[in-house]
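Keep in mind that this is a model prediction, so the values were computed, not measured. Values reported hereafter were calculated over all heavy atoms of this structure, with side chains retained and with hydrogens, waters and symmetry mates removed.
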Amino acid sequence: MNFKTSLILIAVFLMNIPLFAQDTFSVSGTVNGEDGLPIPGASVVVLNTTRGTMTDFDGNYTIDVSSGEVLRFSYIGYAPQAVAIANQRTVNITLLVDTSQLDEVVVVGYGTQRKSTITGSISKVVN
């Protein structure tokens, strides 16, 4: 074969490679809380991968997945949920409040400083 024919065959072969990776599709939906209000900033991650996204201000998200992958939805103060994808194009989720996570939040205030060196706000609690 001459060089031109070989080059054309290689180009045709390389153009067909992306056709094998076309099993992904886009999934979108909304993440709401128990009260029905959207949750902005909720995390949507494909398990066992580094692919993920966050919901927008209206609780909407869009992510590319393959059939059989699992999406994990989570947000602080809510119990995480996992959903297996089987050719669904829309997945709407309602996250349930998880009160056990509230034990993990600790507010600590201690130490002394001069008012002139502090740039933040100051509160005084009197018993």
Side-chain angles (χ1 to χ4, degrees):
M1 282 201 279
N2 61 12
F3 179 72
K4 188 175 182 180
T5 307
S6 299
L7 190 59
I8 290 172
L9 286 175
I10 290 172
V12 168
F13 175 73
L14 291 177
M15 286 182 201
N16 289 329
I17 289 177
L19 295 177
F20 296 112
Q22 295 297 322
D23 60 344
T24 61
F25 53 92
S26 183
V27 172
S28 61
T30 305
V31 178
N32 295 320
E34 284 180 321
D35 54 4
L37 296 174
I39 300 177
S43 175
V44 182
V45 178
V46 180
L47 283 183
N48 302 323
T49 68
T50 57
R51 291 181 287 139
T53 187
M54 294 182 76
T55 58
D56 64 8
F57 184 74
D58 296 322
N60 300 318
Y61 70 93
T62 301
I63 191 166
D64 293 330
V65 297
S66 298
S67 184
E69 289 186 317
V70 177
L71 289 179
R72 182 176 186 267
F73 300 87
S74 61
Y75 190 70
I76 296 173
Y78 291 87
Q81 288 188 17
V83 175
I85 302 299
N87 295 326
Q88 298 114 308
R89 302 287 188 217
T90 303
V91 177
N92 296 322
I93 293 293
T94 301
L95 294 179
L96 304 175
V97 175
D98 186 9
T99 56
S100 66
Q101 289 184 357
L102 294 178
D103 294 337
E104 298 175 10
V105 178
V106 177
V107 178
V108 177
Y110 59 91
T112 58
Q113 291 184 343
R114 301 178 80 186
K115 283 187 180 182
S116 61
T117 61
I118 298 174
T119 59
S121 62
I122 300 174
S123 295
K124 185 176 181 181
V125 179
V126 180
N127 288 337

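- Of all the heavy atoms in T24 and S66, the pair that sits closest is CG2-OG, 3.3 Å.
- Closest approach of S26 and T62 over heavy atoms only: OG-CG2, 3.1 Å.
- Between Y61 and T53 the shortest heavy-atom distance is CB-CG2, 4.2 Å.
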TODO: With side chain to side chain contact (heavy atoms under 4.5 Å, CB included) as the test, would you mind laying out the steps for V44 and F73 before giving the verdict?
DONE: CA-CA 5 Å; V44 182; F73 300 87; 3.7 Å; yes
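- No donor-acceptor pair closer than 3.5 Å links the side chain of D58 to the backbone N or O of N60.
- N92 contributes a side-chain N or O that, together with a main-chain N or O of T30, makes up a donor-acceptor pair within less than 3.5 Å.
- Within the 3.5 Å criterion, the main-chain N or O of S67 finds no donor-acceptor partner in the side chain of E69.
- Between L96 and E34, the shortest heavy-atom contact is CD2-OE2, 3.5 Å.
- Here the CD1-CG distance, from I93 to N32, works out to 10.0 Å after rounding to the nearest 0.5 Å.
- Note on M54 and Y75: separate hydrophobic clusters, where clusters join Ile, Leu, Val, Met, Phe, Trp and Tyr whose side-chain heavy atoms are under 4.5 Å apart, directly or indirectly.
- Pairing each heavy atom of G52 with each of I63, the nearest pair is CA-CD1, 3.8 Å.
- Closest approach of A82 to V70, counting heavy atoms only: CB-CG1, 3.8 Å.
- Between the CG atom in D35 and the OG1 atom in T94 there is a gap of 9.5 Å [rounded to 0.5 Å].
- When atom types are taken as modelled, the side chain of T55 and the backbone of I39 share a donor-acceptor pair closer than 3.5 angstrom.
- Formation of a donor-acceptor pair under 3.5 Å by the R72 side chain with backbone atoms of P80 is not found in this model.
- In this structure, V83 is not a member of the same hydrophobic cluster as V45, with clusters built from ILVMFWY side-chain heavy atoms closer than 4.5 Å.
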TODO: Would you check, one step at a time, whether the test side chain to side chain contact (heavy atoms under 4.5 Å, CB included) holds for D64 with F25?
DONE: CA-CA 5 Å; D64 293 330; F25 53 92; over 6 Å; no
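- The backbone N or O of V27 sits nowhere less than 3.5 Å from a side-chain atom of Q88 that would complete a donor-acceptor pair.
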